[in-house]
Every structure is written in C-alpha cells, then in structure tokens.
Amino acid sequence: DAMVIQNPRYQVTQFGKPVTLSCSQTLNHNVMYWYQQKSSQAPKLLFHYYDKDFNNEADTPDNFQSRRPNTSFCFLDIRSPGLGDAAMYLCATSSALGNEQFFGPGTRLTVL
Amino acid sequence: QKEVEQDPGPLSVPEGAIVSLNCTYSNSAFQYFMWYRQYSRKGPELLMYTYSSGNKEDGRFTAQVDKSSKYISLFIRDSQPSDSATYLCALKWLSGGYQKVTFGTGTKLQVIP
C-alpha cells in the first residue's frame, strides 16, 4: 500500500543533543510537509518542500532544519533540542500544494 | 483571537447518539473546509472536504458550512465506539501564491458502548 512512513515512532534525546527524524513516502508526491503537534494543540506547520524548493514558515525557529535528498525522503533536524521541543512531529505529503495531505503516524519526541 | 476556534472537549456520548462537532473562524479568506480524524498515536486522516456553504453527506458523516456566520460543523449519526478519536477542522486559504492549511486544536470524542 502507498503510504507515508516515519521513523522512529518514538525518539528520546537529551537537552541540546542533535536529533534527526525521518520521513519517507511511496506516493510519489511532490510536496512534503513537517508539522509539530503538542498535546491538545493544532498541528503547526514548520516548513514544506515543493519538489526541491524549500519553504520555511516565518515563525519556525532556526533550531529546526530540513533536508530532502530525493522525492521519497525528507528529514527534520533539530540542532539543539530544548524541553519545549518535546512534541509529536508529523510528516505529510500531497500531490500538489493545497491538495489533500496524507499524514504519517508521527514521531513522538521526548527531551530529557 | 485565534483564526480557528475549536472546543477541545473531551466529548463523551453513548453509542448511537448524534454527535455535533464545530469550529468557528475569523478569516474570510478561508475557501475550503476539511475535517480530519486522528486516532491515538496516529497521524490525521481526511474525512470530509467541502468548499461551499451548505451540507455535504458521506455515509454517517455530514459536513456543514455557513460562510456568512463563519461556522463549520461535522455531524456523526449513529455514533460507534470506533468513532472515538480526535476530530480536527482544517481550513485552507491562499497566502503568497500558496494554498495554506490552518488546523483547529481538535475535539476529542469518546463514544461509550
């Protein structure tokens, strides 16, 4: 089945220790998104890629970076995680901007 | 004022009840209206999608949009325990040439057998 896969499902890191979250898709979609979702809050868009074009939301901290080496994979790098970065990180894809987004299961990040 | 307001719940109903989930919004630029369902420890999945005022029905689910009041609703008929999840409204708008989506905080629904 075509799908969006996120690894790992659970990630524990230490304060200030860099961490990378992974997303892959078999849908061959052009657009990939990263969202941060804290408990009882709306998913918050961090950035998206349209093919290789990277678009950062204005309020996304510099601590968050992303890479998309090819159509299938996208990575979220958190350079120096703080306690406030503990959240669920959702990856999503769509065939074009504005079309239906398909979400992965998320990676729950814990910062100790 | 947030752009999208949604009561976080939780909302507990008995099996078979009609459920009403609602969002209000303030930005007239929102053009498309969606409902996502998110099960625990899973990503959101699209349930309903509409762009005009009025009702759209899909099985036990009905999405209602009132653009004049800036109010959207999702109704679930004959609710089942399997409907227990968080329901997020999502509104789409055009910004800087891109279509962007703003999510509500989600309403947690529990259907009790």
Side-chain angles (χ1 to χ4, degrees), chain A residues 1-11 21 23-25 27 30-51 53-60 87-110, chain B residues 1-11 21 23-27 29-51 56 58 63 72 85-110:
Chain A
D1 285 340
M3 56 177 49
V4 181
I5 301 161
Q6 290 188 246
N7 285 303
R9 294 292 311 278
Y10 301 90
Q11 176 73 57
L21 309 182
C23 178
S24 63
Q25 53 131 341
L27 297 159
N30 297 104
V31 191
M32 294 187 79
Y33 310 79
W34 278 105
Y35 288 87
Q36 179 192 64
Q37 187 179 26
K38 296 187 177 180
S39 181
S40 301
Q41 293 186 22
K44 178 181 179 300
L45 183 64
L46 296 173
F47 23 61
H48 76 268
Y49 274 95
Y50 189 106
D51 293 328
D53 291 336
F54 176 72
N55 294 275
N56 203 33
E57 293 300 299
D59 56 354
T60 298
M88 174 76 86
Y89 289 88
L90 294 163
C91 173
T93 74
S94 65
S95 56
L97 281 170
N99 286 6
E100 178 184 351
Q101 294 184 28
F102 292 83
F103 284 84
T107 295
R108 181 164 295 282
L109 178 68
T110 301
Chain B
Q1 182 190 9
K2 291 182 184 176
E3 281 191 302
V4 180
E5 299 274 0
Q6 185 175 10
D7 187 337
L11 178 63
L21 304 166
C23 284
T24 59
Y25 62 95
S26 56
N27 189 347
F30 289 128
Q31 300 170 330
Y32 300 91
F33 308 91
M34 297 165 285
W35 285 95
Y36 280 81
R37 177 175 60 195
Q38 186 174 20
Y39 289 114
S40 182
R41 301 188 190 88
K42 296 281 182 69
E45 56 176 334
L46 184 66
L47 261 185
M48 301 282 287
Y49 181 108
T50 185
Y51 60 89
K56 181 178 181 180
D58 184 1
I72 65 172
T86 297
Y87 291 80
L88 301 111
C89 62
L91 288 70
K92 194 159 58 174
W93 57 299
L94 196 63
S95 172
Y98 294 108
Q99 287 192 334
K100 290 196 165 185
V101 175
T102 298
F103 285 89
T105 55
T107 299
K108 188 170 183 178
L109 171 67
Q110 185 177 23

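Naming convention: chains lettered A, B, ... in sequence-line order (proteins, then strands); numbering from 1 in each chain. Both backbone and side-chain heavy atoms feed into the values below; hydrogens, waters and symmetry mates do not.
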Is [X] close to chain A through its backbone or its side chain, or both, or neither, when contacts mean heavy atoms under 4.5 Å?
X: B:Pro44; answer: both
X: B:Tyr36; answer: side chain
X: B:Lys100; answer: side chain
X: B:Gln6; answer: neither

*Flag yes if more than 12 heavy atoms outside A:Lys44 fall under 6.0 Å of its NZ atom; otherwise flag no.*
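Yes - once you tally the heavy atoms of other residues, nucleotides and ligands closer than 6.0 Å, there are more than 12.
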
*In terms of heavy-atom contacts, does OH of B:Tyr51 have more than 12 from other residues, nucleotides or ligands at under 6.0 Å?*
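Incorrect, the count does not exceed 12.
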
*asked:* I'd like to know if the side chain of A:Arg9 reaches the main chain of B:Arg41, judged simply by a donor and an acceptor atom lying under 3.5 Å from each other, with no hydrogens or angles considered.
replied: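 Confirmed, A:Arg9 side chain pairs with B:Arg41 backbone.
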
Roughly how far apart are [X] [atom1] and [Y] [atom2], rounded to 0.5 Å?
X: A:Gln37; Y: B:Leu88; atom1: CD; atom2: CG; value: 6.5 Å
X: A:Phe103; Y: B:Leu46; atom1: CZ; atom2: CG; value: 9.5 Å
X: B:Met34; Y: A:Gln101; atom1: CE; atom2: CD; value: 7.0 Å
X: B:Glu45; Y: A:Glu100; atom1: CD; atom2: CD; value: 10.0 Å

Tell me, side chain or backbone of [X] under 4.5 Å from chain B's heavy atoms, or both, or neither?
X: A:Leu45; result: neither
X: A:Tyr10; result: side chain
X: A:Tyr33; result: neither

_Testing the basics here: between B:Gly104 and A:Ala42, what is the closest heavy-atom pair and its distance to 0.1 Å?_
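Where B:Gly104 meets A:Ala42 most closely, the heavy atoms are O-CB, 3.1 Å.
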
